[in-house]
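Note sheet for the following structure.
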Amino acid sequence: MKFRVERDVLAEAVTWIARSLPTRPPVPVLAGVRIEAEADGVLRLASFDYEVSARSEIPAEVTEPGSVLVSGRLLAEISRALPAKPVDVVLDGTKVSVTCGASRFTLLTMPVEDYPQLPAMPGLSGTVDGDELTKAVAQVTVAASRDDTLPLLTGVRVEIEGEKVTLLATDRYRLALRELVWKPADPSISEVALVRARTLNDAAKSLGASGSVNVGLATGQGVDLIGFEAGGRHTTSLLVDGDYPPVRRLFPDESPIHAVVNTQLLTDAAKRVALVAERNTPIRLTFSEGQVVLDAGQGDDAQASEALEATLVGDDIAVAFNPQFLLDGLGALNTPFVRLAFTHPNKPVEFTGQESLEGEDLKEYRYLLVPIRFAS
């Protein structure tokens with residue numbers, strides 16, 4: 001095998017492929033990136049850990065076709081460090097030489113015949129705007145659990161009904177819901193899938209900039225799989241197995257009290273007040289006519305408070321939140337104003353966005369946050 005490729009093209013492709021490599025692979029070959037040089041001038045790179053696969057195709061000047069398996073993380077580090085010149089890669093026995101200008105590296109190979117067969121990309125289920133997918137996934141995955149002992153909650157529930165896609169995620173303390181529109185291959189499609197939040201986030205971030213993203217979903221055929229494709233890159237992931245809790249019913253049907261606050265001002269104030277809130281210590285928001293007062297700290301501890309202008313409909317109310325969970329929700333809104341809807345001081349509070357102080361709340365993104373009981 002022998003080929004030449006542009007440094008930036010190689011570095012970008014290998015770095016993306018290496019992102020999905022396992023930190024502690026169960027077998028050594030899974031730490032590798034498989035490189036296939038085709039006679040038609042295409043270089044195919046792939047990684048697979050039995051759950052997530054990634055593939056990328058880039059142009060190259062292929063002199064001798066062939067395939068090889070080398071350490072993915074090492075190749076990624078080397079390719080990023082090379083000078084801005086063409087890279088020559090040659091397979092010589094059990095070693096691969098990488099030459100770029102005056103730089104030369106020699107890598108050991110792994111047995112490519114031991115590498116597992118990559119899963120096929122599922123058939124096209126629909127196409128979604130890349131920017132919209134990236135934004136929606138970021139808004140929802142902020143609420144997904146990071147606790148691997150609860151694998152169901154580390155996933156994002158994807159509900160597809162015709163042209164509407166709904167994403168849901170929860171870690172038991174907050175719940176995020178986002179609706180978006182896509183172009184289904186079959187207008188009557190009706191599917192539900194549970195996708196790992198980390199995998200979904202990586203796919204959306206890396207493929208979203210390519211314009212439109214093709215999504216394939218294969219369920220009920222032995223191996224449940226989801227795939228994403230854009231810009232010559234493909235990634236697939238096994239779906240999470242299990243029944244997701246019925247979280248939709250947690251959103252209140254009506255809220256007798258609601259308040260509207262400038263999102264950026266509330267975010268900045270919450271960050272300042274949270275400086276005195278020790279770990280797991282909440283900050284309190286007290287809403288009254290025309291204002292909201294944020295405060296944290298009690299007794300002999302450091303204390304902080306700040307008042308902001310707010311519009312309140314209904315009775316005065318005070319709630320306390322985990323500061324980071326509050327900031328996560330505000331940061332995900334992407335609207336000038338936030339509407340907080342209350343049913344009771346100890347019941348979950350629904351956050352939605354508004355474009356203006358008197359405008360309608362936008363229900364396409366909803367963030368539900370459980371309050372913390374604030375000690376007197």
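By convention here, the first residue in the shown sequence is residue 1.
Interatomic distance, CG of Leu308 versus CG of Asn262, reported as 8.5 Å (0.5 Å rounding). Here the CG-CG distance, from Leu266 to Leu294, works out to 6.0 Å after rounding to the nearest 0.5 Å. Interatomic distance, OG1 of Thr199 versus CG of Leu239, reported as 10.0 Å (0.5 Å rounding). Note that CD of Glu309 and OG1 of Thr311 are 6.5 Å apart. Values are rounded to the nearest 0.5 Å. Going from atom OH of Tyr367 over to atom CG of Leu177 covers 13.5 Å, rounded to the nearest 0.5 Å. Expressed to the nearest 0.5 Å, how far NZ of Lys85 lies from CG of Asp8 amounts to 13.5 Å.
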(message) Run the salt bridge (charged side-chain N to carboxylate O under 4.0 Å, His left out) test on Lys183 and Glu163 for me, step by step, so that the C-alpha distance in whole Å, both residues' side-chain angles and the decisive distance to 0.1 Å come before the verdict.
(response) CA-CA 6 Å; Lys183 297 178 181 177; Glu163 295 184 346; over 6 Å; no
(request) Starting from the C-alpha separation in whole Å, work towards a yes-or-no answer on side chain to side chain contact (heavy atoms under 4.5 Å, CB included) for Arg44 and Val42. (result) CA-CA 6 Å; Arg44 293 182 172 88; Val42 175; 4.0 Å; yes
(request) Could you check Thr154 against Arg198 for side chain to side chain donor-acceptor pair (under 3.5 Å), going step by step and ending with a plain yes or no? (result) CA-CA 8 Å; Thr154 64; Arg198 184 171 56 246; over 6 Å; no
(request) Show your reasoning for whether salt bridge (charged side-chain N to carboxylate O under 4.0 Å, His left out) applies to Arg55 and Glu57. (result) CA-CA 7 Å; Arg55 280 168 282 197; Glu57 298 180 357; over 6 Å; no
(message) I'd like to know whether Thr219 forms a side chain to side chain donor-acceptor pair (under 3.5 Å) with Asp224, so could you lay out the CA-CA distance, the side-chain angles of the two residues, the decisive distance to 0.1 Å, and finally the verdict.
(response) CA-CA 5 Å; Thr219 58; Asp224 292 342; 5.3 Å; no
(request) Just do the side chain to side chain contact (heavy atoms under 4.5 Å, CB included) check on Ile35 and Leu43 with the steps written out, would you? (result) CA-CA 7 Å; Ile35 303 173; Leu43 203 62; 3.8 Å; yes
(message) Let's go through Phe342 and Phe287 carefully: what are the C-alpha distance in whole Å and the side-chain angles of both, what is the deciding distance for ring-ring contact (aromatic ring centres under 6.0 Å, His included) to 0.1 Å, and is it a yes or a no?
(response) CA-CA 11 Å; Phe342 309 91; Phe287 292 89; 5.4 Å; yes
(request) Could you walk me through whether Val33 and Arg73 pass side chain to side chain contact (heavy atoms under 4.5 Å, CB included), step by step? (result) CA-CA 8 Å; Val33 165; Arg73 298 193 190 281; over 6 Å; no
(message) Under the criterion salt bridge (charged side-chain N to carboxylate O under 4.0 Å, His left out), I'd like the reasoning laid out for Arg174 against Asp328: C-alpha separation, chi angles, the key distance, then a yes or no.
(response) CA-CA 10 Å; Arg174 61 254 181 91; Asp328 286 345; 3.2 Å; yes
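Considering only residues two or more places apart in sequence or on other chains, Glu191 meets the salt bridge (charged side-chain N to carboxylate O under 4.0 Å, His left out) condition with none of them. Partners of Thr23 under the side chain to side chain donor-acceptor pair (under 3.5 Å) rule, at least two apart in sequence or in another chain, do not exist in this structure. With sequence neighbours left out, the salt bridge (charged side-chain N to carboxylate O under 4.0 Å, His left out) criterion links Arg7 to no other residue.
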With a 3.5 Å cut-off and sequence neighbours excluded, list the donor-acceptor pairs that the side chains of residues 89-99 form with protein atoms.
{"residue": "Thr99", "atom": "OG1", "partner": "Arg104", "partner atom": "NH1", "Å": "3.4"}

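Connectivity analysis of hydrophobic side chains (ILVMFWY, heavy atoms under 4.5 Å, direct or indirect) links Val27 to Val29, Leu30, Phe48, Tyr50, Leu69, Met110, Val112, Tyr115, Leu118.
Side chains of Phe325 and Asp171 form a contact here, defined as non-hydrogen atoms less than 4.5 Å apart. Inter-residue side-chain proximity for Thr127 and Val213 is flagged as unmet; no heavy-atom pair is nearer than 4.5 Å. Side-chain atoms of Val349 and Val370, non-hydrogen and from C-beta on, never get closer than 4.5 Å to each other. A heavy-atom distance below 4.5 Å is found between the side chains of Ile372 and Asn322. Counting only heavy atoms from C-beta outward, the side chains of Leu200 and Val156 approach each other to under 4.5 Å. Between Val338 and Leu330, the closest side-chain pair of non-hydrogen atoms falls below 4.5 Å.
Residue-environment remark: CG (Asp40) exceeds the threshold of 12 foreign heavy atoms within 6.0 Å. With a 6.0 Å radius and a threshold of 12 heavy atoms from other residues, nucleotides or ligands, Asp241 has its CG atom at or below the threshold. When the shell of 6.0 Å around CD of Gln324 is examined, it contains more than 12 heavy atoms from other residues, nucleotides or ligands. Remark: Arg249 CZ is loosely packed, at most 12 non-hydrogen atoms of other residues, nucleotides or ligands lying under 6.0 Å away. The 12-atom threshold is not exceeded at NZ of Lys2, counting heavy atoms of other residues, nucleotides or ligands nearer than 6.0 Å. Within 6.0 Å of atom OH in Tyr244, more than 12 heavy atoms from other residues, nucleotides or ligands are found, so the atom counts as buried in its surroundings. Heavy atoms from other residues, nucleotides or ligands lying under 6.0 Å from CD of Gln117 number 12 at most.
Under the 6.0 Å distance and 45° angle rule, Arg366 counts as a cation-pi partner of Phe251. Arg178 forms no cation-pi arrangement with Tyr365, by the criterion of a distance under 6.0 Å to the ring centre and an angle within 45° of the ring axis.
Salt-bridge annotation for Arg157 and Glu159: present, with a side-chain N of the basic residue lying under 4.0 Å from a carboxylate O of the acidic one. Salt bridge status for Glu306 with Arg272: present, with a side-chain N to carboxylate O gap under 4.0 Å. Between Asp202 and Arg19 there is a salt bridge, since at least one side-chain N of the basic residue sits less than 4.0 Å from a carboxylate O of the acidic one. By the 4.0 Å N-to-carboxylate-O rule, Arg233 lies close enough to Glu12 to be salt-bridged with it. Under the 4.0 Å criterion applied to side-chain N and carboxylate O atoms, Glu51 and Arg196 are assigned as salt-bridge partners. A salt bridge links Glu350 to Lys363: one of the charged nitrogens lies within less than 4.0 Å of a carboxylate oxygen.
A distance-only check finds no donor-acceptor pair linking the side chain of Ser212 to the backbone of Val128 [under 3.5 Å]. With hydrogens and angles ignored, the 3.5 Å screen pairs a side-chain donor or acceptor of Ser47 with a backbone N or O of Ile17. The backbone N or O of Gly162 lies less than 3.5 Å from a partner atom in the side chain of Trp182, making a donor-acceptor pair. Proximity of a side-chain donor or acceptor of Ser125 to a complementary backbone N or O of Leu217 within less than 3.5 Å is detected. For the pair Thr235 (side chain) and Phe228 (backbone), a donor-acceptor distance under 3.5 Å is absent.
Side-chain contact annotation: Ser255 with Thr343, donor-acceptor N/O pair under 3.5 Å absent. A donor atom on one side chain and an acceptor atom on the other are not found under 3.5 Å apart for Asp147 and Ser145.
The list of salt bridge (charged side-chain N to carboxylate O under 4.0 Å, His left out) pairs with a residue in residues 207-223, not counting sequence neighbours, is empty.
For the pair Met1 and Ala37, the tightest heavy-atom approach, listed with the atom from each and the gap, is CG-CB, 3.9 Å.
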